[in-house]
Every structure is written in structure tokens, then in C-alpha cells.
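Lettering of chains follows the sequences in order, A, B, ..., and the numbering in each one begins at 1.
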Protein chains: 2
Amino acid sequence: MATLRDVAQAAGVSPATASRALSAPDSVSSGRRFKVLEAAQRLGYQPNRSAQALASGRNRHLGLVLPDLANPYFATIAKGVQLEARESSNAVLVADTDEDPRREHDVVRELQTRVDGVVLCSPRMPEEQILECAARGPLVLVNREIEGIPSVTFDVASGMRQTLLHLRALDHRTIAYVGGPETSWSDRHRRRGLDSVAGITVIDLGPHRPVHAGGFAAADLALETGATAVVCFNDLVALGVVSRLQSRGVAIPSGMNVVGFDNIPGSTYVTPALTTVAVPLQRAGREAAMLLDPSLSPADAAPAQLRLDVELIIRESTAPLTPAP
Amino acid sequence: MATLRDVAQAAGVSPATASRALSAPDSVSSGRRFKVLEAAQRLGYQPNRSAQALASGRNRHLGLVLPDLANPYFATIAKGVQLEARESSNAVLVADTDEDPRREHDVVRELQTRVDGVVLCSPRMPEEQILECAARGPLVLVNREIEGIPSVTFDVASGMRQTLLHLRALDHRTIAYVGGPETSWSDRHRRRGLDSVAGITVIDLGPHRPVHAGGFAAADLALETGATAVVCFNDLVALGVVSRLQSRGVAIPSGMNVVGFDNIPGSTYVTPALTTVAVPLQRAGREAAMLLDPSLSPADAAPAQLRLDVELIIRESTAPLTPAP
DNA sequence: TGCCACAATGAAACCGCATTCATTCCTTTC
DNA sequence: GAAAGGAATGAATGCGGTTTCATTGTGGCA
């Protein structure tokens with residue numbers, strides 16, 4: 001493998017000049033620059049990343065920590081991070097914590113030894129641990145806000161409000177809410193939106209696991225309450241609710257309305273397609289990765305806290321309430 | 001940040017000894033080893049990865065290239081790679097190629113400059129490009145076999161055979177096959193299994209995109225053939241078929257049987273739950289990562305070609321054929 | 001014409017660790 | 001008891017770039 005020295009020699013310049021010709025072209029006369037570039041090309045020169053990293057103190061590696069790669073929600077964020085990383089010639093190191101909050105801290109620290117900055121998607125890690133991690137190196141939070149740390153979040157309260165307004169317009173008056181994990185930032189903010197609409201009663205079904213199985217269990221509770229619509233923490237839960245209701249012979253939307261949250265790909269695949277709140281996951285990933293770019297953030301600026309807009313998508317799982325005949 | 005020299009000095013030994021105490025403990029007397037470890041602990045020493053990489057020639061980084069992270073199939077493989085990587089204290093660099101085979105080649109090469117080896121999941125990259133990549137550095141293929149390159153594949157022909165035997169046992173005689181991409185290794189091997197069962201007629205519906213939309217389109221074709229069961233290239237396609245059939249008022253399994261392939265999480269979430277072929281995706285990821293570990297493969301050995309077993313999972317989308325009354 | 005500022009260049013000093021090689025000291029073995 | 005072998009150690013070197021600093025050469029301006 002050709003080294004920078006080889007290139008320099010082949011071009012008849014010093015290694016310093018060769019280095020500059022490649023990384024700061026403007027600082028080299030055009031004649032030599034051309035000779036260096038030509039030599040590099042001819043020798044098939046590939047800079048050694050480790051050496052670059054050691055000398056410059058930067059890898060161009062971004063870390064991404066998330067609870068579960070197989071969850072489409074996080075996978076979509078990952079795609080966004082990746083898209084942005086590629087454009088800024090970074091690579092992405094991803095670490096899945098297997099939904100185990102106790103492991104997250106170690107995983108983040110381990111990753112921080114290998115990257116320039118990390119995007120952390122950790123709904124449940126204790127705040128003080130996050131602060132500790134943030135002290136060790138650049139870190140951006142996704143879907144969670146902590147004072148003093150840059151973050152990208154969604155306006156979930158608005159999503160909930162839109163949902164309730166939609167249901168009220170369809171004449172629903174009593175709805176059930178299937179909550180997510182109690183400790184989740186995201187669930188707390190969803191609940192804020194739940195309080196904001198008059199003329200509709202929300203029955204809280206309590207916290208549930210934010211997965212299909214969680215919804216499966218919640219469906220029976222919802223049915224018992226007499227609510228005419230179930231609003232769910234996320235689409236996975238909503239899908240679970242739908243499955244369970246259908247297997248109990250309850251038709252959707254005629255027997256019960258169901259609303260999800262997040263607009264994951266699966267929400268369109270089911271019958272009936274799910275009314276849900278579209279959350280710009282991929283964009284969030286991109287924004288988070290951008291916030292990590294040191295060249296964009298003057299070191300003394302306040303940490304950016306982006307809050308992205310969400311949008312209710314109306315599909316087939318909601319419909320006007322028809323009074324019992 | 002404390003360096004190895006600092007630790008050595010604090011422990012009263014040479015840097016060489018400190019280095020050995022940390023990376024090859026057995027080669028240092030227990031007294032000094034203890035002193036080094038204690039000093040490292042006390043100073044909060046974290047080895048500089050870039051320096052380690054430069055000096056040793058290895059990063060402990062694995063690359064993973066796949067068409068689409070948001071596809072649960074690939075996401076599950078990614079989890080497996082990651083699991084194994086973590087156990088061997090490696091980190092995983094993942095690169096999503098956005099289903100664009102033309103980009104894959106560049107992505108792999110770019111990644112190869114940053115990692116010790118790559119796991120490549122690329123159903124469609126031309127064989128010669130893969131060979132070229134393999135020449136540049138350690139590489140393991142997943143779900144694809146090429147002479148001379150280590151790989152992990154699934155016995156998909158057996159899966160198809162199991163499927164047909166199952167359907168035949170349920171009295172089906174005519175089934176339709178919704179194929180995957182023509183160029184895919186995986187589809188070719190599925191077709192081999194299709195030929196292996198006597199007494200059942202397979203109608204080939206031709207190649208389709210291996211996503212939900214592909215199945216959606218294929219459903220109508222299947223209905224037209226008069227087949228009593230549809231066997232699909234994968235679960236995503238099967239889900240698409242189910243959606244379309246249901247929206248056309250065809251009940252499953254009473255009006256049509258549907259079988260998927262891969263056993264992705266979503267296959268259990270739908271109603272009816274999908275009969276499908278379980279493929280050990282996560283295990284494949286792990287095995288692939290293991291094959292990349294240089295300490296496990298004597299350099300002169302023939303490249304390992306693992307073929308993992310698959311298993312038909314019978315759920316609700318298949319049922320005995322009841323003759324029309 | 002002379003002086004100064006500035007651009008282009010190369011020598012050399014790192015960056016932080018792994019590893020080779022020579023040295024020392026201790027244990028075996030005959 | 002002497003020679004041989006082996007384990008533990010430290011000095012020094014190199015991995016392959018980046019960056020500082022000193023040097024040289026150039027043009028602008030008085």
C-alpha cells in the first residue's frame with residue numbers, strides 16, 4: 001500500500017507538501033498540486049485513516065446508540081444519521097443496547113473512545129448518566145430533551161392535540177390512551193397534548209411496553225372502558241391493539257377507532273391502514289448528525305434544541321362515530 | 001487525557017511494560033502488573049484507539065454493508081453482527097446503500113479503508129465487483145455464495161421444499177410463486193426447492209420487488225391463476241399479498257392460502273398470522289462476524305461456506321383446502 | 001533601488017501506542 | 001559449580017500522517 005511518502009517522492013516534493021496538496025489544495029502552487037494529485041492517482045494512494053486520526057485528533061466517525069435496531073422507529077433514525085454522515089464523509093458506528101438501559105451507559109462510553117461524537121437515542125437512561133456522557137465528548141440527543149445538551153425532538157404534544165381534534169370532529173367523546181414507559185420523555189409530552197382539548201374525555205390505560213405485545217394486552221382494557229377510540233403511544237402498540245381487537249371480533253373502525261403514533265412503514269401495511277401521527281424520523285437523524293459537525297457550531301453557542309413538527313395522517317382506522325342503532 | 005506514558009510514570013515502569021501489563025498481562029510480573037493497573041485506574045486511563053490502530057494495524061472495527069437498514073430482514077442480521085462484535089470487543093460500522101446496487105461498490109471500498117473486515121449483504125452487486133472488494137481485504141458474504149469467498153447462507157431450497165410438502169399435505173395442488181429479483185442468489189435457490197416436490201403444480205408469477213408493494217401487485221395475478229395458495233419470496237411480499245387480497249374481499253386462509261419467507265417480526269403481527277419459513281438471521285450475522293475474526297481462521301484454510309438450516313413455521317395463513325361446496 | 005510582507009516549501013517534531021531487540025537476572029541441568 | 005536457557009524489563013524504533021516553524025523566493029510599495 002502506497003504511503004504519503006511514496007506519493008511525495010514520486011511527485012518530487014516533500015511529504016509536507018504532498019499532505020497539503022491533498023488536504024488543503026489552496027495552499028500549494030498549482031504545478032506541484034497537479035503533480036501530487038497525479039502521483040497519488042497513479043499509485044492508488046489511500047490515506048491511512050488511523051494515522052490521520054492520530055495526527056489530527058479526529059476520525060470522522062460518528063457514533064449512534066439506540067435501544068433496538070430491529071425496531072423500525074430507530075432504524076429510520078439510523079438511516080437519517082447515515083445519510084447525513086455520508087454527505088459529510090463520516091462513517092457511522094452503531095450500537096444497539098438491546099433495550100437494556102443498564103447497558104446503555106457502558107455502550108456509550110465504549111463508543112465515545114472510537115468516535116468524534118455520538119447521537120444518543122435513549123428514552124430511558126437516567127439523566128445524570130447522560131450528563132456524564134455528554135461531559136466526555138460531543139453528544140446529541142434524539143427524542144429527548146435535557147437542559148444544556150443539544151437535542152432533536154418532535155412536537156408530540158401537538159401530534160396528540162391534532163389527534164384529539166380529529167377524533168372530536170368525528171363525534172368521539174370518550175377515548176382511551178395506551179401509554180408508553182413511565183420514564184419516557186416522549187410519553188410525558190404526549191400526555192401534555194392529551195390535556196389540551198376540551199369536550200373529550202381521556203381514559204388513561206396506564207403505561208405499557210412500547211411494542212406489539214404491549215398493545216395486545218391493552219386492547220382488552222380499552223374495550224372494557226366503553227371508549228370509542230384508542231389512542232396509542234406508538235404504531236407498534238396500535239398494531240397490537242388492532243390484532244387483538246380483530247381476533248376478538250371487533251371490527252375497525254366500525255367497532256373501535258385506533259390511532260397510532262410515528263407512522264412507521266408497517267402502519268400502512270395492515271388492514272385497515274392506521275391513522276397515525278407522522279414523525280420526521282429520518283430528518284431527525286440527519287439533523288442530529290449535523291448538530292455534531294463541529295464546523296457548524298461555534299463552540300460558544302448555546303446547545304441547539306430542535307423541535308420538529310409532526311403531522312396527523314388520516315387513514316382507515318378512524319371514522320365518524322355512528323350512534324348505535 | 002492520561003496517556004500510557006503517564007500511567008507508566010505513575011507506576012514507576014517503562015511505557016513498554018505498561019503497554020504489556022494492559023494488553024498481555026501474563027508477560028509482566030504480578031507486582032508491576034498490579035501497579036500499572038492501579039495507576040491506569042487512578043488516572044482514568046483510556047487507550048487512544050487511533051494510536052493503537054496505527055501501531056498495531058488493526059482497528060477492531062467491523063464493517064457491515066446492507067441494502068436497507070429499515071428493512072427488518074437486514075436489521076436483524078445487523079443485530080447479530082453487532083452481538084458478536086461486542087463480544088469480541090469490536091465495533092460495527094454500518095453502511096446502508098439505499099437499495100442502490102451501483103453505490104454498493106463505492107460504499108464497500110470506502111468502508112474498507114476504515115475497518116478490519118466487512119460483512120457484505122448485497123444480493124445484487126455483480127460478482128466481479130464483489131471479488132474485487134474481497135481482494136482488498138477480509139470480507140464475508142451473507143445470503144449469497146461465491147466461490148472462494150467465505151459466506152453464510154440459508155438452505156432456502158429446503159425451506160421451499162418444506163413449504164410445498166406442507167401445502168400438499170393440506171390438499172393443495174396448484175400454487176403460485178411470487179418471485180424476488182431475478183438477479184438474486186436467494187431467488188434462484190428458492191426456485192430449486194420449488195421443483196423438488198411431486199404432485200403439485202407451481203405457477204410462476206415472475207420476479208417482483210421484494211417489498212410490500214411488490215406483493216400488493218402480485219396478489220391480483222395470483223388470484224387470476226386459480227391457484228389455491230400463494231408462496232412468496234419473502235414476508236414483506238406476503239404481507240403485501242395479504243393486504244391486497246383482504247381489500248378485495250378474499251378471506252385468508254379460507255379463500256386463499258399465503259406463505260411467506262424469513263419470519264420477520266411483522267409476520268406474527270398481522271391477522272391472520274403468516275405461515276412462513278424461519279431463517280436464522282441473527283445467527284447468520286453472528287456467524288459472519290465470527291468468520292471475520294482472524295484468530296479463528298488459519299490463513300491457509302479454505303474459505304468457510306456455512307449453510308444454515310431453516311424451518312417452516314405454521315401459523316394461520318395456511319389451512320386444509322376445503323372443496324367448494 | 002531597497003525594504004517589507006507574504007506565499008510556498010521542506011525539515012522536523014509530534015500524535016500515542018505496539019513491538020523488536022538487547023540486557024539483566026534468575027532458574028535449570030549436567 | 002558452570003553453562004545454558006528462559007523470563008522480565010526498558011530503550012528505541014516505527015506506524016503514516018499533520019502541523020509548526022524556519023527558510024526561501026516573490027511581488028508591492030515607497
Side-chain angles (χ1 to χ4, degrees), chain A residues 1-37 39-41 43-61 89 91 112-116 136-137 294-295, chain B residues 1-37 39-40 43-61 89 91 110 112-116 136-137 294-295:
Chain A
M1 186 94 276
T3 74
L4 187 63
R5 284 177 144 62
D6 299 332
V7 173
Q9 196 168 356
V13 302
S14 76
T17 300
S19 175
R20 285 189 276 252
L22 294 167
S23 58
D26 290 341
S27 65
V28 169
S29 70
S30 64
R32 303 190 190 222
R33 186 195 322 152
F34 178 80
K35 274 162 49 178
V36 170
L37 263 33
Q41 170 77 34
L43 299 180
Y45 170 69
Q46 296 274 105
N48 178 312
R49 301 268 182 189
S50 306
Q52 283 185 315
L54 179 57
S56 70
R58 292 192 10 197
N59 305 258
R60 309 205 70 88
H61 282 1
S89 57
Q112 282 183 313
T113 69
R114 327 178 86 128
V115 303
D116 299 330
R136 287 181 184 277
S295 63
Chain B
M1 185 93 276
T3 74
L4 188 61
R5 283 181 143 61
D6 299 333
V7 174
Q9 196 168 354
V13 303
S14 76
T17 299
S19 175
R20 284 189 276 252
L22 294 167
S23 58
D26 291 341
S27 64
V28 169
S29 70
S30 64
R32 303 189 187 222
R33 186 195 321 154
F34 178 80
K35 274 162 47 176
V36 170
L37 263 34
L43 300 180
Y45 171 69
Q46 294 275 103
N48 178 313
R49 299 270 182 188
S50 304
Q52 284 184 313
L54 180 58
S56 70
R58 291 190 18 197
N59 300 262
R60 309 204 70 87
H61 282 1
S89 57
E110 210 277 334
Q112 282 183 311
T113 69
R114 326 177 88 126
V115 303
D116 298 332
R136 287 181 185 277
S295 64

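The minimum heavy-atom distance linking V115(B) with H61(B) is given by the pair CB-O, 3.3 Å. Residue R114(A) comes nearest to R60(B) through the heavy atom pair NH2-O, 2.7 Å, listed as atom of the first residue, atom of the second, then distance. Here the shortest heavy-atom pairing between D6(B) and M1(B) reads OD2-O, 4.2 Å. Scanning all heavy atoms of the two residues, the minimum distance from V28(A) to A21(A) falls at CG2-N, 3.7 Å. P25(A) approaches R33(A) most closely through the heavy-atom pair O-NE, 3.2 Å.
Contact annotation: R32(B) does not reach the phosphate of dA8(D) (side-chain N/O to OP1 or OP2, under 4.0 Å).
Between Y45(A) atom OH and R5(A) atom CZ the span is 11.0 Å, to the nearest 0.5 Å.
Between the CZ atom of R49(B) and the P atom of dG16(D) there is a distance of 21 Å, rounded to whole Å. Atom CG of N59(A) and atom P of dT18(D) are 14 Å apart (whole Å). Between Q9(A) atom CD and dG17(D) atom P there is a gap of 14 Å when expressed in whole angstrom units. Distance, R33(A) CZ to dA7(C) C1': 13 Å, rounded to whole Å.
Within 6.0 Å of CD in E110(B) there are more than 12 heavy atoms belonging to other residues, nucleotides or ligands.
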Do any N or O atoms of the protein come closer than 3.5 Å to N or O atoms of nucleotides 4-6 of chain D, and which pairs are they?
none

Margin query: Generate the contact string for nucleotides 14-25 of chain C. Rules: B means base contact, S means sugar-phosphate contact only, - means no protein heavy atom under 4.0 Å.
Written below: -BBBBBB-----

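Without hydrogens or angle criteria, S23(B) side chain to S19(B) main chain gives a donor-acceptor distance under 3.5 Å. Proximity of a side-chain donor or acceptor of D116(B) to a complementary backbone N or O of R58(B) within less than 3.5 Å is not detected. Proximity of a side-chain donor or acceptor of R32(A) to a complementary backbone N or O of V13(A) within less than 3.5 Å is not detected.
Side-chain N/O atoms of R20(B) and S27(B) include no donor and acceptor closer than 3.5 Å.
Over its full length, the helix from dT1(C)-dA30(D) to dC30(C)-dG1(D) turns its helical axis through 40°, comparing axes from the five pairs at each end and rounding to 10°.
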